[in-house]
Amino acid sequence: MSICNFRCNYCYLAQRPESYQGVQPEMKYSPEQVAKALSKKRLGGPAYINVCADGETLLTRDIEIYMRRLAEEGHYIEFVTNCTITPVLQKFLAWDKELLAHLEFKCSFHYLELKKRNMLELFARNVNSIWAAGASANVEITPSDELIPYIDEVKEFSLKNFGALPHITIARDDRTKGIEILSKLPKDEYYKIWGQFDSQMFDYKKKIFGKRQEEFCYAGIWSANINLCTGMARPCYCGRSLGDVFANPESDFPTFPVGKCSIAHCYNGHSFLTFGNIPYSTKITFADIRNRVRADGREWLNAKLKRFFSTQLYQSNDELSDVEKFDFMLRNKFNLP
Ligand code: SF4
Ligand code: SF4
């Protein structure tokens with residue numbers, strides 16, 4: 001879904017002219033069918049589900065209904081949004097308290113777009129309405145060279161409105177073979193400038209950015225990257241197709257691990273790796289990546305969601321033996337079933 005009300009200059013999603021479609025997708029499956037296919041029973045327990053469109057996620061038709069059905073299943077939803085589509089946001093915030101405790105909004109803080117469109121106050125109001133309703137919110141900035149002159153005012157605005165500085169991600173340039181940093185600055189300078197936000201997310205992404213992951217990865221057994229419109233799934237950003245995982249909800253959920261990662265680096269390892277797709281690769285948890293403690297002691301994540309985000313996948317899933325891992329590696333290498 002590529003519709004968006006913004007046009008961020010660093011957008012690596014559908015706002016690039018070559019991929020902008022501006023149309024609503026055809027949803028092959030209803031919210032009930034999706035929830036059945038992703039039932040807690042079929043997945044073996046509650047899951048963390050990150051939801052992100054190619055445009056502004058809140059503009060996807062009926063998205064709130066899909067999310068409510070998944071939260072009712074007992075899953076934890078992380079919803080990526082620019083947090084400016086207030087009427088749809090309000091539909092989420094009208095959920096029962098129990099469901100709101102399972103919901104987190106990753107509020108992308110597009111400072112320059114918000115400033116240009118006179119929407120900064122609206123954004124701050126919406127973020128605060130999420131906390132007031134009992135859900136969790138996390139404020140995150142995609143660094144861009146154009147934003148550097150505004151860093152002081154970004155900090156001041158954040159401390160005043162969110163009680164803490166935003167987390168910082170690393171903008172990537174998908175056009176490059178090595179998926180490099182999207183900036184004209186030398187790496188050291190880039191890290192120094194954006195390091196001043198003291199963001200655990202940024203610090204962790206820095207550690208893994210550009211580093212090929214060599215250990216056995218359970219993506220494809222412990223994680224899946226699913227197209228909500230079609231049900232087609234892959235383990236993450238690589239690995240073989242798992243097929244349409246919504247088509248036969250009575251059967252076991254299809255799995256096949258990646259084993260050896262084939263891409264230049266795990267650019268969203270701040271979730272895949274902190275949740276433990278490669279067991280024991282880091283002690284940093286996803287809660288560390290998302291949470292901030294405000295000056296007044298309140299936290300960005302509610303207690304229940306924080307507890308769930310503090311766990312790693314090997315604590316609740318069986319690991320494979322060395323023989324099984326070797327077998328999967330061979331089958332992957334020679335493309336065997
Ligand atoms: S809000 Fe997100 S999807 Fe929309 S233009 Fe900005 S980065 Fe792209
Ligand atoms: S390291 Fe990351 S990108 Fe590579 S297989 Fe694992 S989850 Fe996927």
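These figures come from a predicted structure and were not determined experimentally. In each ligand, atom 1 is the first atom listed, and ligand 1 is the first ligand listed. Numbers here simply count residues along the sequence, with the first being 1.
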Does Glu140 pair with Arg290 as a salt bridge, N-O distance under 4.0 Å?
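So Glu140 pairs with Arg290 through a salt bridge.
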Should the pair Glu250-Lys36 be classified as a salt bridge under the 4.0 Å nitrogen-to-oxygen rule?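 The answer is yes: the pair qualifies as a salt bridge.
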So, for His75 and Phe308, is the gap between ring centers shorter than 6.0 Å?
no
Ring centres under 6.0 angstrom apart (Phe328, Phe216): no
The residue among Phe79, Phe286, Phe272 that forms ring pair (Phe, Tyr, Trp, His ring centres under 6.0 Å) with Tyr48 is Phe286
| message | If we set the cut-off at 4.0 Å for heavy atoms, which region of Glu113 has an atom near ligand 1: side chain, backbone, both, or neither? | response |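 Neither part.
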> Which one holds for Cys4 and ligand 1: side chain close, backbone close, both close, or neither close, with close meaning a heavy atom under 4.0 Å?
Replying inline: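 Side chain only.
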**Asked** Quick one: does ligand 2 sit under 4.0 Å from the side chain of Asn268, the backbone, both or neither, non-hydrogen atoms only?
**Response**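 It is neither part, as no heavy atom is under 4.0 Å.
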Which residue and heavy atom of the protein sit nearest [atom], plus the separation:
| atom | result |
| --- | --- |
| atom 4 (Fe) of ligand 2 | Cys261 SG, 2.3 Å |
| atom 2 (Fe) of ligand 2 | Cys266 SG, 2.3 Å |
| atom 8 (Fe) of ligand 2 | Cys236 SG, 2.2 Å |
| atom 6 (Fe) of ligand 2 | Cys217 SG, 2.3 Å |

For this session: Run the numbers for me: atoms of ligand 1, each under 4.0 Å from some heavy atom of Gly55, listed by number.
Result: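 Near Gly55, the atoms of ligand 1 are 3 (S).
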Close-contact set for ligand 1 against Cys11 heavy atoms, below 4.0 Å: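 With Cys11 as reference, the close atoms of ligand 1 come out as 3 (S), 5 (S), 7 (S), 8 (Fe).
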Original post:
Should Thr285 and Thr311 be marked as a side chain to side chain contact (heavy atoms under 4.5 Å, CB included) after you check the CA-CA gap, both sets of side-chain angles, and the distance that decides it?
Top reply: CA-CA 7 Å; Thr285 66; Thr311 61; over 6 Å; no
>> So is Ser108 touching ligand 1 or not, going by heavy atoms under 4.0 Å?
In response: no
Scan side-chain atoms only and decide if Thr86 and Asn126 contain a donor-acceptor pair under the 3.5 Å cut-off. yes
- Item | Ser2 side chain to Asp54 side chain, donor-acceptor N/O pair below 3.5 angstrom |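 No, no side-chain donor-acceptor pair sits under 3.5 Å.
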* Which atoms of ligand 2 sit under 4.0 Å from any heavy atom of Gln213? ->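 It comes down to these atoms of ligand 2: 1 (S).
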Notebook entry, point to check: At the 4.0 Å heavy-atom cut-off, does Cys238 count as touching ligand 2?
Noted result: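 Yes, Cys238 has a heavy atom closer than 4.0 Å to ligand 2.
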